[in-house]
Amino acid sequence: MPVLVMKFGGTSVANLDRIKRAAKRVGVEVAKGYDVIVIVSAMSGKTNEMVGWVNETSPLFDAREYDAVVSSGENVTAGLMALTLQEMDIPARSWQGWQVPLKTTSAHSQARIEEIPPENINAKFGEGMRVAVVAGFQGISAEGRITTLGRGGSDTTAVAFAAAFEAERCDIYTDVDGVYTTDPRICGKARKLDKISFEEMLELASLGAKVLQTRSVELAMRYKVKLRVLSSFEEQSDAAGTLVCDEEEIMESNVVAGVAYSRDEAKVTLMSVADRPGIAAIIFNALSDGGVNVDMIVQNISEDGRTDMTFSCPTDQVSRADQALLRIKEQGELNYAELVADKDVAKVSVVGIGMRSQSGVAAKMFKVLSDEGINIKVITTSEIKISVLIDRKYMELAVQALHDAFELDKAA
């Protein structure tokens, strides 16, 4: 029988009533003739609660035990979902990561998937099981320890299973009914997209859109897994949601597909750095070793052999960046006058595959911001993306103005 993967996020399985609602959706697909692999998250709020327990118990915790604790929420959901399906006379059983087995690296709390052998689950499908309910977010290392894939890892679990089992489709059920041109809470004109390309979704996810985890989109693009984002709170509809697919499957699209934002950004500038070969490598190696997630990078024009180096990072990583750079300064590897951090900025981005073939998008974006009196602090671009750092107080205004200017409320 064809295989379908269905993933239910924390809000979709937040209590027993919602688990029953999700199980009914699974039952509909079983009735259509699918063997179904259901990936479940922990009930809403449970993972945060367990992370809190770990931090309270052991601030400098053993990452292996952290994974053992925080992975348990998915086990509970998987068991309850399997029981609910059994009550509906649907042959189902729960699977923990080690039982599949979902094999991962040993990088606890940020493990990467290495292999998902399909034999165990396929054998049970052959014996009459119709639904395999798999605990998302978790796997097992070569050392036999439970691992987790990082927050949002159940999305990655679902796409990886769809690839491993050559599933017809991977449906991601969440608390929104699809992918929008921007956040509807900020812009009332935001429009749900029927289709979006993998590349556009990857950019939007990495730039702040919370609908899908970035790694899950990367996997889907690599293995050509058709993703569909749907709401678990809407009435069942085959035409609902947003399909994330290859660019070739989209006949016409707007030049800009969406506007993304990230509120908690900081702009960090190293003042008066020596302008010589290798200096950037020294700076950004130190930041990488310090666990700082650097995004936008700008180097000023050199003057008298000195330059300023600016980069952006999450606001909660500024002190980590400061410590990492101060360490190599004290070791004599780097000399700079001071580190200046602006924690009151936001990143706003426009994304669209149409940018490849149409000029003038950057000029239009900058003029729109200028007309609104919004000053741009940093600019970065790629083939299908333009991002700017601006004062945080103007973030919502910028998103609304750009959404209007590129007429994203209208379909192509």
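Only heavy atoms go into these numbers, but all of them, side chains included; no hydrogens, no water, no symmetry mates.
Here Asn15 pairs with nothing under the side-chain hydrogen bond (donor to acceptor under 3.5 Å, both in side chains) rule; sequence neighbours left out. Every residue two or more places apart in sequence or in another chain that forms a ring-ring contact (aromatic ring centres under 6.0 Å, His included) with Phe161 is listed here: Phe165. For the salt bridge (Lys or Arg N to Asp or Glu O under 4.0 Å) test, no residue two or more places apart in sequence or in another chain qualifies with Glu168. In this view, Lys377 and Asp391 satisfy the side-chain hydrogen bond (donor to acceptor under 3.5 Å, both in side chains) rule, not counting sequence neighbours. Among residues two or more places apart in sequence or in another chain, the salt bridge (Lys or Arg N to Asp or Glu O under 4.0 Å) test is passed with Lys195 by none. Among residues two or more places apart in sequence or in another chain, the salt bridge (Lys or Arg N to Asp or Glu O under 4.0 Å) test is passed with Glu49 by Lys46. A search for ring-ring contact (aromatic ring centres under 6.0 Å, His included) contacts involving Phe61 returns Tyr66, not counting sequence neighbours. For Ser349, the side-chain hydrogen bond (donor to acceptor under 3.5 Å, both in side chains) partners two or more places apart in sequence, or in a different chain, are Ser387. Applying the side-chain hydrogen bond (donor to acceptor under 3.5 Å, both in side chains) test to Glu166 and every residue at least two apart in sequence or in another chain returns nothing.
Proximity of Leu369 to Val388: side-chain heavy atoms (C-beta onward) are separated by under 4.5 Å at one or more points. By the 4.5 Å heavy-atom criterion applied to side chains, Leu149 and Gln110 are not counted as neighbours. Between Arg145 and Asp67, the closest side-chain pair of non-hydrogen atoms is not below 4.5 Å. Side chains of Leu334 and Val273 form a contact here, defined as non-hydrogen atoms less than 4.5 Å apart. Using a 4.5 Å cut-off on side-chain heavy atoms (C-beta onward), Cys245 and Ile250 make contact. Between Ser231 and Val176 the shortest side-chain heavy-atom distance does not fall below 4.5 Å. Proximity of Leu202 to Thr214: side-chain heavy atoms (C-beta onward) are separated by under 4.5 Å at one or more points.
Listed by first and then second residue, the salt bridge (Lys or Arg N to Asp or Glu O under 4.0 Å) pairs that reach into residues 287-310 are Asp295-Lys347, sequence neighbours excluded. Applying the salt bridge (Lys or Arg N to Asp or Glu O under 4.0 Å) definition to pairs two or more places apart or across chains, those involving residues 96-107 are Lys103-Glu115.
In this structure, the separation between CD on Gln358 and CG on Asn254 is 10.0 Å, given to the nearest 0.5 Å.
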Please test Lys410 against Arg191 for side-chain contact (heavy atoms from CB on, under 4.5 Å), starting from the C-alpha separation and ending with a verdict. CA-CA 8 Å; Lys410 301 174 184 175; Arg191 176 176 57 85; 5.7 Å; no
Please report the C-alpha distance between Asp409 and His403 in whole Å, then the side-chain angles of each, then the deciding distance to 0.1 Å, and finally whether the side-chain contact (heavy atoms from CB on, under 4.5 Å) criterion is met. CA-CA 8 Å; Asp409 56 322; His403 195 276; 4.2 Å; yes
Please assess Thr77 against Glu74 for the test side chain to side chain donor-acceptor pair (under 3.5 Å), listing each intermediate value before the final yes or no. CA-CA 5 Å; Thr77 314; Glu74 281 72 14; over 6 Å; no
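For the pair Ser312 and Leu389, the tightest heavy-atom approach, listed with the atom from each and the gap, is CB-CD1, 3.8 Å. Taking both residues in full, the closest heavy atoms of Phe284 and Val294 are given as CE2-CG1, 3.9 Å, listed atom of the first, atom of the second, then distance.
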Please tabulate, for side-chain N and O atoms in residues 3-14, each donor-acceptor pair with protein atoms closer than 3.5 Å (sequence neighbours left out).
residue: Lys7; atom: NZ; partner: Asp155; partner atom: OD1; Å: 2.9
residue: Ser12; atom: OG; partner: Ser232; partner atom: OG; Å: 2.6

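For Lys226, the NZ atom counts as loosely surrounded, since its 6.0 Å shell holds 12 or fewer non-hydrogen atoms of other residues, nucleotides or ligands. Residue-environment remark: NZ (Lys20) stays at or below the threshold of 12 foreign heavy atoms within 6.0 Å.
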